[in-house]
Each structure stands twice: as C-alpha cells, then as structure tokens.
Amino acid sequence: MSNKRSNSFRRAILQGNHQLRNKALLEESGLSLTQRFIRHMAYETLPREIDRKWFYDNYTGCPPPWFIITVTIVEVAAFVYYGLVLDRFVLQATHPRYLRNNPLVYHPQVRVQAWRYLSYMFMHAGIEHLGVNVALQLLVGVPLEMVHGAVRISFVYIAGILAGSLAVSVADTSAPAVGASAGVYALLSAHLANIVMNWSGMKCQFKLLRTAFALICMSFEFGRAVWLRLYPSAYAPCPHPSFVAHLGGVLVGITLGVITLRNYEQRLRDQSLWWVFLAIYVLFVTFAVLWNICASSLLGVRLLPAPKVPL
C-alpha cells in the first residue's frame with residue numbers, strides 16, 4: 001500500500017486537523033538542534049503549514065539525501081581526474097585533448113553510444129562550471145531530497161539531464177554536451193517556480209533576495225555557457241560544448257518538476273497535469289530518439305568527423 005497521501009486524505013486533514021498540533025511550528029520552543037534544522041528545511045521548501053507539520057512529525061533522516069551527495073562526489077572525482085590528466089583545471093573544454101577518447105562526454109559523432117546521453121553530466125568544462133553546479137545542487141538539491149525523497153528528486157534531475165542532451169542532439173547537432181547544468185536547472189527552476197506560485201505561503205527568510213540571487217547565478221552560468229560555445233575551438237572542426245542543455249533542464253523543471261514539488265507526499269498519478277506533462281516529455285524523448293536515428297539519412301544532416309588530435 002502506498003504511503004503517499006491521496007487528495008481525499010488531504011481534504012480530511014484540512015477539515016479536521018486535530019491529529020496535528022494546532023500551534024505553528026515557528027511558535028514551538030525548546031527544540032533540539034536537530035529539530036530546529038528539520039523545521040528549517042520544512043519552511044525552506046514547503047508552502048503549506050499542514051505539509052510542514054507533516055514533514056516535521058514524520059522525518060526520521062533515514063535514508064539520508066544520498067542521491068545528490070553521491071552525484072556530487074562522482075562529478076568532483078571525474079573533474080579532478082581529468083584535471084590531472086590534462087594538467088588544466090580552468091576551462092578544460094578548451095584543451096585540444098578534452099574530447100579525445102573520453103567515454104563520458106556526449107558527442108554527436110558517437111551518438112549511438114546511448115549511455116553518453118546521461119554520463120555527460122559527470123564531465124564539466126572547467127572549475128568555474130563545476131563550482132556553480134555543485135554549489136547550486138547542494139544548496140537546493142539536498143533540502144529538496146530531504147523533503148521529497150530520493151526517488152522524486154532523482155527523477156526530476158535525470159529527466160532534466162536526458163532532456164538536455166536530447167535537446168542538444170536536435171537543436172545544436174554539431175556540438176558536444178558536458179556538465180550537470182541540465183539537471184541542476186531542472187531542480188532549481190522547479191523550486192523557484194514553486195516559490196513564485198506559492199509566494200504568500202512560503203515562509204523562508206529573505207525569499208525575494210534569495211530568489212534574485214539564484215536567478216543571477218543561473219544567468220551567470222548560462223552566459224558562461226553561451227560565451228564558451230561561441231569561443232573559437234582548439235580543434236576547429238569540433239565546437240565547444242553546447243548551452244542548449246540548460247534550456248532543456250529548465251523546461252523539465254517548470255513542467256514535471258513543478259508538479260512533483262507542489263504535491264508533497266501525494267500520489268502523482270492522482271494529478272491530471274502530471275499525466276499531461278509526462279506525455280509531453282515522452283513525446284519529446286520519442287521524437288528526439290527518432291531524430292537521432294533517422295535525421296542523418298532522411299534529412300541529409302552531415303555530421304562533422306570525430307575529434308582526432310595528437311597525444
């Protein structure tokens with residue numbers, strides 16, 4: 001039996017919530033450091049007081065937010081490894097050997113290797129790229145995973161990653177893709193949209209300032225990606241990584257992501273918009289897969305040669 005709350009359950013609780021404490025969480029005193037931290041997470045991510053109380057009363061910390069932390073560790077480890085191999089940590093993507101024999105980067109010449117549509121998230125263009133992504137996904141992703149669980153957050157994150165690489169394969173056919181920006185943007189745009197849509201209910205401190213700061217960080221990272229894409233490549237036939245993946249992540253965040261975050265502890269299958277956005281996402285994935293299979297032959301799309309540069 002699912003432990004998610006149905007709409008009828010929510011209505012019953014709203015009509016008679018005597019089973020939950022009537023006192024607002026912010027008014028409670030004598031809390032331990034752990035309890036204050038859990039309360040803080042509730043006010044950071046949830047717009048309804050009844051949901052905040054539910055989370056506060058039921059959160060046990062088991063399992064911990066392992067998904068975002070694990071992804072972050074792997075991303076940092078991959079960056080350090082390639083930084084040592086290339087002897088470069090700033091703007092690694094401009095190094096002529098960056099794409100040589102790299103099994104993780106999505107590259108249009110090896111699009112038949114399906115794992116690259118996801119594995120590219122572990123590679124980054126440089127420490128400036130990695131730093132922004134890691135900071136944002138830890139500051140936003142960990143609290144969201146604590147509240148919504150690893151299954152929902154990993155779904156939004158991976159859906160954003162996949163949409164990003166497929167968007168690049170369709171809209172920027174000659175460019176590779178690197179970085180976890182699509183997944184980070186999916187989580188962040190979903191969270192920001194949820195805050196804006198429930199502005200009066202969100203009780204997090206300095207929400208206007210923090211929302212503006214998050215938008216500035218996203219704009220800075222997107223601007224960096226656009227600049228890098230237009231920067232002359234050290235290997236002329238192959239351009240630098242595309243910025244289109246960021247846009248794919250944002251679209252996932254403001255559709256599937258928003259529905260996921262708005263319906264805390266409720267069965268998503270009861271939400272009609274969930275099925276609408278899921279159907280749109282599946283249609284896009286299907287179209288992109290067919291495009292990658294058929295475009296080169298049916299539309300005469302010429303792919304540039306795979307990068308071959310000397311060691």
Side-chain angles (χ1 to χ4, degrees), residues 75 78-79 81-83 85-133 160-185 218-251 284 287-289 291-311:
E75 290 170 358
F79 174 77
Y81 171 77
Y82 279 96
V85 169
L86 301 174
D87 192 25
R88 177 181 293 186
F89 290 91
V90 177
L91 287 178
Q92 285 184 353
T94 62
H95 195 289
R97 289 175 51 199
Y98 182 78
L99 296 176
R100 181 180 175 84
N101 300 325
N102 192 312
L104 300 178
V105 172
Y106 164 78
H107 198 280
Q109 282 70 53
V110 286
R111 63 181 67 201
V112 294
Q113 298 175 354
W115 71 83
R116 292 177 181 266
Y117 289 89
L118 296 177
S119 65
Y120 79 99
M121 72 180 186
F122 298 119
M123 294 294 298
H124 285 80
I127 194 169
E128 65 290 338
H129 187 196
L130 176 74
V132 173
N133 279 348
I161 293 292
L162 181 59
S165 57
L166 290 175
V168 171
S169 71
V170 172
D172 199 357
T173 56
S174 64
V178 298
S181 297
V184 174
Y185 275 47
M218 293 175 69
S219 300
F220 167 79
E221 163 57 19
F222 183 71
R224 180 212 58 81
V226 173
W227 170 83
L228 182 60
R229 175 66 177 86
L230 301 178
Y231 188 82
S233 174
Y235 175 66
C238 183
H240 285 312
S242 176
F243 58 84
V244 177
H246 297 67
L247 304 179
V250 169
L251 291 177
F284 166 72
F287 166 77
V289 170
W291 169 273
N292 281 277
I293 293 174
C294 305
S296 58
S297 58
L298 295 181
L299 302 179
V301 176
R302 282 189 73 228
L303 297 179
L304 297 171
K308 295 179 181 179
V309 294
L311 292 172

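Checking side-chain atoms of Tyr185 against main-chain N and O of Met218 turns up a donor-acceptor pair under 3.5 Å. Put simply, the side chain of Ser119 gets close to the backbone of Trp115: a donor and an acceptor are under 3.5 Å apart. No donor-acceptor pair under 3.5 Å is formed between the side chain of Trp291 and the backbone N or O of Leu166.
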What's the verdict on side-chain contact (heavy atoms from CB on, under 4.5 Å) for Tyr82 and Asn102, showing C-alpha distance, side-chain angles and the deciding distance?
CA-CA 10 Å; Tyr82 279 96; Asn102 192 312; 3.5 Å; yes
Test side-chain contact (heavy atoms from CB on, under 4.5 Å) on Ile127 and Phe79; report intermediate values, then the result.
CA-CA 8 Å; Ile127 194 169; Phe79 174 77; 3.6 Å; yes
Check the pair His240 / Leu230 against side-chain contact (heavy atoms from CB on, under 4.5 Å), numbers first and verdict last.
CA-CA 7 Å; His240 285 312; Leu230 301 178; over 6 Å; no
Under the side-chain contact (heavy atoms from CB on, under 4.5 Å) rule, what do Asn292 and Val112 come out as? Steps first, then yes or no, please.
CA-CA 8 Å; Asn292 281 277; Val112 294; over 6 Å; no
Result block: side-chain N/O donor-acceptor pairs under 3.5 angstrom for residues 243-251, not counting sequence neighbours:
residue: His246; atom: ND1; partner: Phe243; partner atom: O; Å: 3.1
residue: His246; atom: NE2; partner: Ser181; partner atom: OG; Å: 3.4
residue: His246; atom: NE2; partner: Glu221; partner atom: OE2; Å: 3.2

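For Tyr117, the ring-ring contact (aromatic ring centres under 6.0 Å, His included) test picks out Tyr106, with sequence neighbours left out. Residues passing the side-chain hydrogen bond (donor to acceptor under 3.5 Å, both in side chains) test with Ser165: none are found, sequence neighbours excluded. Evaluation of the salt bridge (charged side-chain N to carboxylate O under 4.0 Å, His left out) rule for Arg116 yields no partner, not counting sequence neighbours. By the side-chain contact (heavy atoms from CB on, under 4.5 Å) test, Leu118 pairs with Ile158, Ile161, Leu162, sequence neighbours left out. Not counting sequence neighbours, the partners of Asp172 by the side-chain hydrogen bond (donor to acceptor under 3.5 Å, both in side chains) test are Arg229, Ser242.
Minimum interatomic distance between His129 and Arg224 (heavy atoms only, all atoms of both residues): CD2-NH2, 3.3 Å. Between His124 and Gln92, the closest heavy-atom pair is O-OE1, 3.7 Å. Closest approach of Ala177 and Val168 over heavy atoms only: CB-CG2, 4.2 Å. Across all non-hydrogen atoms, the minimal contact from Pro108 to Ala175 is CD-O, 3.4 Å. The shortest non-hydrogen separation linking Pro176 to Val105 is CB-CG1, 4.0 Å. The nearest pair of heavy atoms linking Arg111 to Thr173 is NH2-O, 3.6 Å.
Within the model, atoms CD of Glu128 and CG of Asn133 stand 10.5 Å from one another, a figure rounded to the nearest 0.5 Å. Considering OH of Tyr81 and CG of Leu86, their distance stands at 9.5 Å, rounded to 0.5 Å.
Between Tyr98 and Arg88, every side-chain heavy-atom pair lies at or beyond the 4.5 Å cut-off.
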